[in-house]
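All values below were derived from every heavy atom in this structure, side-chain atoms included, with hydrogens, water molecules and symmetry-related copies excluded. Here the structure is a predicted model, which is why all the values come from computation and not from measurement.
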2 protein chains.
Amino acid sequence: MLSFVEENYLKAIYHLSEAGKRPVNTNALAEEMKTAPASVSDMIKRLSEKRMVDYQKYRGVNISEKGKIKALHVIRQHRIWKVFLVEKLNFQWDQLDEVAEQLEHIKSPLLFQRLDEFLGFPKFDPHGDPIPDENGQLIEKRKDPIAQLPVGTASIVVGVNGSSASFLKYLDKVGISIGTRLQIVDRMEFDGSVDITIDGKKTITISPTVAENILLSEA
Amino acid sequence: MLSFVEENYLKAIYHLSEAGKRPVNTNALAEEMKTAPASVSDMIKRLSEKRMVDYQKYRGVNISEKGKIKALHVIRQHRIWKVFLVEKLNFQWDQLDEVAEQLEHIKSPLLFQRLDEFLGFPKFDPHGDPIPDENGQLIEKRKDPIAQLPVGTASIVVGVNGSSASFLKYLDKVGISIGTRLQIVDRMEFDGSVDITIDGKKTITISPTVAENILLSEA
DNA sequence: ATTATTATTTCGATTAATCTAAATATTTTA
DNA sequence: TAAAATATTTAGATTAATCGAAATAATAAT
Ligand SMILES: [Mn+2]
Ligand SMILES: [Mn+2]
Ligand SMILES: [Mn+2]
Ligand SMILES: [Mn+2]
C-alpha cells in the first residue's frame, strides 16, 4: 500500500515525464513537489525498491508499468472528485485542486465505483482532462486550439490552456465553458483574430491569444 | 493543525469519556485505538502539550474544551459523510465506517459547508446519531428503547443499539429503518414482547430483545 | 502490612518523511 | 581538456508515530 506522499510523487513523475515518455530529473521533481532535492533522492530510492519506478543514479527516474497504473488510478480519483465538486457542490475552478488533492487518496474501491455511477460515468473532468478507466486506460481525444482549426469547424470546448484567473473570468463573461459548442465563422488574416459563434446564438471576435488557448475536440 | 492520528485519538477520548464526563484510562484507549499502551502514553503527552487534553500521569486523561470542540468537529464531518454515503451513494450500514473514518479528516471548511447544504442540512446520521453544528453544539434528542415506552406511543425510529449484521438484516426484512414511524399497540406482560404497527400499515410482534434495541425519538 | 497483580510509564529502537550541509558526479564553458 | 558551474547524492539530524521490554506506580488480595 502506498502512502499519500508516495502517491503524490508518482503522479508528479507521471506528469513531468509526459506519461512516461522521458525521464524526470531530481530538481524538476523537487520543484514540483516543493521539497529539497535531497528528499527527492530519498523518495526515488523508496519508489524504486517498490518497483514503481526505474532508477539509476544521476540518470533521472522513469516510471514503471506498475507505477503508471498506480498514478493513473490516483489521477482517475482526482478527476472524478473534481467532477463531483463542480457538478454537485458548485465549486469554482480555483477551489478545486486543494480539496481534490486530499480526496484522491481515499482508499475505497466501492466509494469510487459508486461515485462514478452517481456522476453518470463522466469521461472528462471540469477542465476537460480525460478520466482514466479502472484499468488505467486513457481515451485521450485530441484537443486542438481554435487557432489551428480551419474556418467552418464546429465543435465542443474540451479544455483550455493555462488557468489564469483573468482568462477564466473572461471565458465566463462571454459564456464559454467546457461543453460549449463553438463554430469558427471567420479568421482575420492580418492578425489571426477569429469570429466564433457560441452555442449557435451570438457571434463574437476573439483575439489570437484566446484562439490559441481554447481547445476544441476533434470530433 | 492536528494530524489524522491525533484527530482519531481525540475522537476516541471524547467517546470513551462520554463527552468528557469521566477520565479515560490508558488501556481503554489502547484497546479502542488498537495500539500498545506505550503508544498511548506517548500520544497523550503530545495532545497534552497541545492543550487538547488535561493529563496527570497515572490519573487518566480528560478532554479539554479545546479538544472537545475539535473532536465534535471531526464527529460532525464523520456523520455528514455517512449521510452522503447512504443517501447519495446507497452504501449499506456495514460499509460506512471504513470510508467515513478516512473522509472525516479532509481539511476544507468549504467542502463541508457545501456538502451539508447539498444534503439538506441533515440533523442526524443514518444511525440516528445527531450531527453537531459548526460550533460543536449537539442538539441531542432523547432516544428511548421501545421496551421502555408505554403502549400507545407513536414515534419515529432514530437509532438502534449495536450494529450486528444479523440484527440490521432483520430490521431490513421487516421494513424498519431510521425515520420509520412506529406505534406501540400492545405489550405481552409475560415476556415483554411488543406488537408494533409499522408506518401505519402492517403490525408485527417483536421480541423483548428487539424492543430493547430499537430507539424512538421522544417527540 | 506485605505481597501479588495490574496498570502505566519510561527506555531504547524502528520506519517514514523531511531538512541542511557536505561530498561527489555530470555537464558546460572556456 | 581542465576548470567552473550545475545537478545529484550522501551524511547526519529531526519529528511523528509506532513498538517490545523493562521499570515503576497503583490497586487488590492475602
Ligand atoms: Mn539518509
Ligand atoms: Mn494529493
Ligand atoms: Mn519515547
Ligand atoms: Mn478517522
Mind calculating the distance between CG (D42(B)) and P (dA21(D)) to the nearest angstrom?
17 Å
Could you tell me if H78(A) and K82(A) have a donor-acceptor pair between their side chains, going purely by distance under 3.5 Å?
yes
Under the 6.0 Å and 45° cation-pi test, does K70(B) pair with Y14(B)?
no
Quick note, V5(B) side chain, CB onward, closest among dT18(D), dT20(C), dT18(C) is dT18(D)
Atom CG of L29(A) to atom P of dA7(D): distance rounded to whole Å?
15 Å
Please give, in whole Å, the distance from dC19(D) C1' to M43(B) CE?
14 Å
Distance under 6.0 Å and angle within 45° of ring axis: R76(B) vs F112(B)
no
With salt bridge (charged side-chain N to carboxylate O under 4.0 Å, His left out) as the criterion, how do E49(A) and R46(A) come out once you've worked through the C-alpha distance, each side chain's angles and the decisive distance to 0.1 Å?
CA-CA 5 Å; E49(A) 276 157 25; R46(A) 299 176 46 67; 5.8 Å; no
Side-chain N or O of K45(A) versus OP1/OP2 of dT10(D): is the shortest distance under 4.0 Å?
yes
What is the ring orientation for Y170(B) with F167(B), classed by angle as parallel under 30°, tilted 30 to 60°, or perpendicular over 60°?
parallel
Roughly, in whole Å, what's the span from CD in E6(A) to C1' in dT15(C)?
12 Å
Give the residues of residues 50-63 of chain B touching DNA chain C, defined as any heavy atom closer than 4.0 Å, sorted by residue number.
Y55(B), K57(B), Y58(B)
Quick one: is T26(A) getting a side-chain N or O under 4.0 Å of the dA7(D) phosphate, OP1 or OP2?
no
In terms of side-chain heavy atoms, does S193(B) have a donor or acceptor partner in S207(B) at a distance below 3.5 Å?
no
Want to settle it: does F4(A) or A38(A) sit nearer the 5' end of DNA chain C, counting the closest nucleotide to each?
F4(A)
Does dA7(C) have OP1 or OP2 under 4.0 Å away from a side-chain N or O of N25(B)?
no
If you compare every side-chain N and O of S3(A) against the phosphate oxygens of dA17(C) (OP1, OP2), does one of them come in below 4.0 Å?
yes
In whole angstroms, how far is the P atom of dA16(D) from the CE atom of M1(B)?
15 Å
Check whether any side-chain N or O of S39(A) sits under 4.0 Å from OP1 or OP2 of dT18(C), and answer yes or no.
no
Under-4.0 Å side-chain N/O to phosphate OP1/OP2 contact, N27(B) with dT6(C)
no
Just how far, in rounded Å, is C1' of dA17(C) from CD1 of I44(A)?
14 Å
Between C1' of dA17(D) and CG of L47(B), the distance in whole Å:
12 Å
Would R114(B) count as a cation-pi partner of F91(A), with NZ or CZ less than 6.0 Å from the six-membered ring centre and within 45° of the ring normal?
yes
What integer distance in Å separates E49(A):CD from dT15(C):P?
12 Å
